[in-house]
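Quick notes on the structure that follows.
The first residue of the sequence shown is numbered 1, and numbering continues consecutively from there.
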Amino acid sequence: MRHDTPGTIKRAERFQIILIGEGILVGAVAGFIVLLYRICLEYAQKWTKEILAYASGNPLRMAGWFALLLLMAVVVAKLLKFESMISGSGIPQLEGEMVGKLDQCWWKVLPAKFAGGFLCLLGGLALGREGPSIQLGAMVGKGISRKMDRGKTEERFLLTCGASAGLSAAFHAPLAGVMFSLEEVHKNFSVSVLISVMSASLTADFLCSNVLGVSSVFQFDILHALPITSYGMIVALGVVLGVLGAFYNWFTLKSQELYNKASFLRPEVKIMIPFVCAGILGFSAPELLGSGHSLIEYLTNSKVMLSTVLFLLVGRFIFSAVSFGSGAPGGIFFPLLVIGGYIGGAFATIGVQYFGMDPMYINNFVLLAMAGYFAAIVRAPLTGIILIFEMTGSLSQMLSLSVVSIVAYVVAILMKSKPIYESLLERLLKKNGEPVVEDGGEKVLTSFVVKQGSKVEEEWIRDVKWPDNCLLVAIKRGSDEIIPKGKTRLLVGDMIVTMTDERDMSVVHEKMDVLCEEQI
């Protein structure tokens with residue numbers, strides 16, 4: 001064994017201090033890599049604009065750009081063949097690794113994801129930098145864990161630290177990086193994890209801020225907080241975002257499904273589809289290309305007609321699905337924020353034109369819709385609220401942000417829409433041949449009485465062959481309630497309380513009756 005028991009116990013005594021040091025190390029390395037990634041992506045978007053401006057109106061140059069796009073698609077397809085785990089955002093792959101279902105090769109993912117994400121944004125695909133940044137950061141954590149010969153438990157901590165550092169560096173959002181990695185990735189809020197993750201996130205943010213500055217990602221003015229009389233509209237917006245968030249999840253998964261069903265197409269051809277679409281849009285509607293940052297600036301700094309807002313909203317929605325569904329390396333995190341912002345813009349513009357709302361509140365609804373749409377799709381409302389606060393630098397909207405996020409969150413749940421990353425992980429595990437736990441329906445509690453002469457009378461719980469998919473919740477003995485343990489002996493008259501899924505209830509009930517009934 002690599003780690004003997006005494007050594008493990010000794011490390012446990014100073015585990016928090018060790019994790020803080022390792023978190024700082026992971027944050028520094030991950031922050032540096034994501035910083036390079038951000039700089040490369042900025043150049044990619046700049047070069048794309050310059051190429052489109054140079055080629056526009058010249059058939060020969062336009063044909064040359066399409067040839068270059070096809071070449072980039074082929075290279076991306078080769079990268080996907082080299083390491084399939086770089087497909088999509090990378091967040092489902094990380095979540096799969098955290099639960100022990102996937103095992104990414106960190107030294108292959110790092111260069112392949114970096115290059116693939118760069119080429120996709122250079123080609124103009126509507127993908128974001130946050131998913132790749134989170135995956136890059138997590139793989140840095142895994143690489144450091146392997147190089148330092150850490151155990152699996154510690155490796156999971158360092159994966160979480162890396163994910164936090166990645167998001168922090170990508171968006172200049174250290175608090176959101178901490179919250180997302182704990183709420184969505186690690187799903188645990190222990191003090192040990194919190195301090196180490198915060199160390200990694202702050203280190204990465206400090207590094208990027210020194211190079212790129214401390215300005216927030218979105219620069220638009222929020223002149224006044226919404227009055228209390230507007231909260232009816234905020235609730236209505238939350239309902240709209242919940243419904244459209246559920247539709248976004250369905251549409252994204254459906255687009256991915258359509259690509260997968262097209263088995264007659266080679267992988268290179270599937271990747272070519274969004275690149276060719278990007279080429280067409282580049283010469284017809286270039287504002288739909290790339291991450292969409294300029295779209296939010298355009299919406300919040302200009303007076304935009306409702307028809308234009310709706311056109312950009314629909315066009316961006318469809319192109320994002322076409323880009324992501326192909327499996328190209330890139331995230332949906334930032335693109336969905338852009339779509340959410342445009343939903344808010346359309347909602348507010350309708351309010352101004354038809355219901356007499358003051359135009360100065362349009363930007364408020366853009367900001368609110370970003371958080372609400374994120375909460376409905378990702379199902380991580382705390383991360384959404386903190387992220388929008390850090391990305392805009394606005395503190396005046398915390399109450400309204402909370403209201404719209406909660407409403408959108410509840411509506412998405414009522415529509416039985418699963419969180420997008422959970423659905424994507426299920427698809428990925430199914431594709432890799434891993435068993436996926438299906439929804440068993442409502443949980444059902446049932447009681448069975450141990451009768452004289454039954455099979456379980458005077459038996460230790462550990463020695464009984466209990467039905468599959470059945471959890472012993474309690475043993476009621478008279479007025480006492482006993483927590484069932486392996487060394488608990490069952491007596492006549494004991495009431496066994498079990499919990500099972502609704503789908504398994506009949507089978508479990510039948511088997512429990514056999515165990516507890518009197519034997520003739």
Side-chain angles (χ1 to χ4, degrees), residues 37 39-81 87 112 114-129 132 251 255-256 258-259 262 264-299 301-302 304-305 307-332 334-335 338-339 342:
Y37 186 63
I39 292 172
C40 288
L41 294 188
E42 287 180 5
Y43 275 107
Q45 293 188 93
K46 178 184 175 184
W47 292 340
T48 302
K49 289 180 182 178
E50 292 175 351
I51 291 170
L52 291 173
Y54 176 73
S56 183
N58 187 308
L60 187 60
R61 292 173 184 170
M62 291 169 68
W65 175 236
F66 273 98
L68 189 57
L69 287 172
L70 294 177
L71 178 60
M72 285 191 279
V74 171
V75 174
V76 170
K78 295 293 184 185
L79 290 171
L80 285 165
K81 187 176 181 180
S87 174
F114 194 110
F118 170 77
L119 290 174
C120 286
L121 208 57
L122 180 63
L125 273 62
L127 298 170
R129 64 176 183 245
F251 194 81
S255 66
Q256 194 179 66
L258 290 174
Y259 273 105
F264 55 90
L265 294 178
R266 292 171 56 86
E268 293 87 351
V269 177
K270 291 181 182 179
I271 297 296
M272 286 178 183
I273 293 173
F275 275 90
V276 171
C277 290
I280 295 170
L281 290 174
F283 298 112
S284 57
E287 58 272 15
L288 296 177
L289 300 182
S291 65
H293 184 273
S294 59
L295 283 175
I296 293 295
E297 291 185 341
Y298 171 65
L299 177 64
N301 295 324
S302 310
V304 187
M305 294 177 60
S307 57
T308 303
V309 175
L310 293 175
F311 168 75
L312 293 174
L313 170 60
V314 174
R316 184 70 191 185
F317 182 89
I318 295 173
F319 186 44
S320 293
V322 171
S323 299
F324 186 77
S326 68
I332 56 173
F334 196 91
V338 173
I339 295 170
Y342 267 75

Look up atom CZ in Phe319 and atom CG in Leu127, then write down how far apart they are to the nearest 0.5 Å.
8.0 Å
Partners passing salt bridge (Lys or Arg N to Asp or Glu O under 4.0 Å) against Arg266 (at least two apart in sequence or in another chain):
Glu268
What is the minimum heavy-atom distance between Ser320 and Ile339, and which atoms define it?
OG-CD1, 4.1 Å
Flag side-chain contact, heavy atom, 4.5 Å: Pro132 against Phe114
no
Can you tell me how far OG of Ser294 sits from CG of Leu299, rounded to the nearest 0.5 angstrom?
11.5 Å
Kindly write out the residues that satisfy side chain to side chain contact (heavy atoms under 4.5 Å, CB included) with Pro274, not counting sequence neighbours, or none if the list is empty.
Leu125, Tyr259, Val322, Ser323, Ser326
Quick one: pull up OG in Ser56 and CH2 in Trp65 and give me the separation to the nearest 0.5 Å.
13.0 Å
Would you mind listing every salt bridge (Lys or Arg N to Asp or Glu O under 4.0 Å) that reaches into residues 272-285, with sequence neighbours excluded?
none
Does Val314 have any side chain to side chain contact (heavy atoms under 4.5 Å, CB included) partners at least two apart in sequence or in another chain, and if so, which?
Ile318
Search all heavy atoms of Ile271 against all heavy atoms of Ala77 and return the closest pair with its distance.
CG1-CB, 4.3 Å
Results of side chain to side chain contact (heavy atoms under 4.5 Å, CB included) for Phe251 - residues two or more places apart only:
Phe247, Phe317, Ala321
Give me the atom names and distance for the closest heavy-atom approach of Leu122 to Thr48.
O-OG1, 2.6 Å
All heavy atoms of Leu313 vs all of Tyr342, minimum pair found to be CD1-CB, 3.9 Å
Supply the atom-to-atom distance Leu71 CG to Phe66 CZ, rounded to the nearest 0.5 angstrom.
15.0 Å
Indicate the atoms forming the closest heavy-atom contact of Val74 with Met272, along with that distance.
CG2-CE, 3.6 Å
Heavy-atom closest contact (Cys120 atom, Phe275 atom, distance)
CA-CZ, 4.0 Å
Geometric cation-pi criterion Arg129 and Tyr37, 6.0 Å radius, 45° cone:
no
From Ile51 atom CD1 to Leu68 atom CG, the distance as rounded to the nearest 0.5 Å:
6.5 Å
When the side chains of residues 276-292 are checked against the rest of the protein, which donor-acceptor pairs come out under 3.5 Å, sequence neighbours left out?
residue: Ser284; atom: OG; partner: Ile280; partner atom: O; Å: 2.8
residue: Ser291; atom: OG; partner: Gln45; partner atom: OE1; Å: 3.4

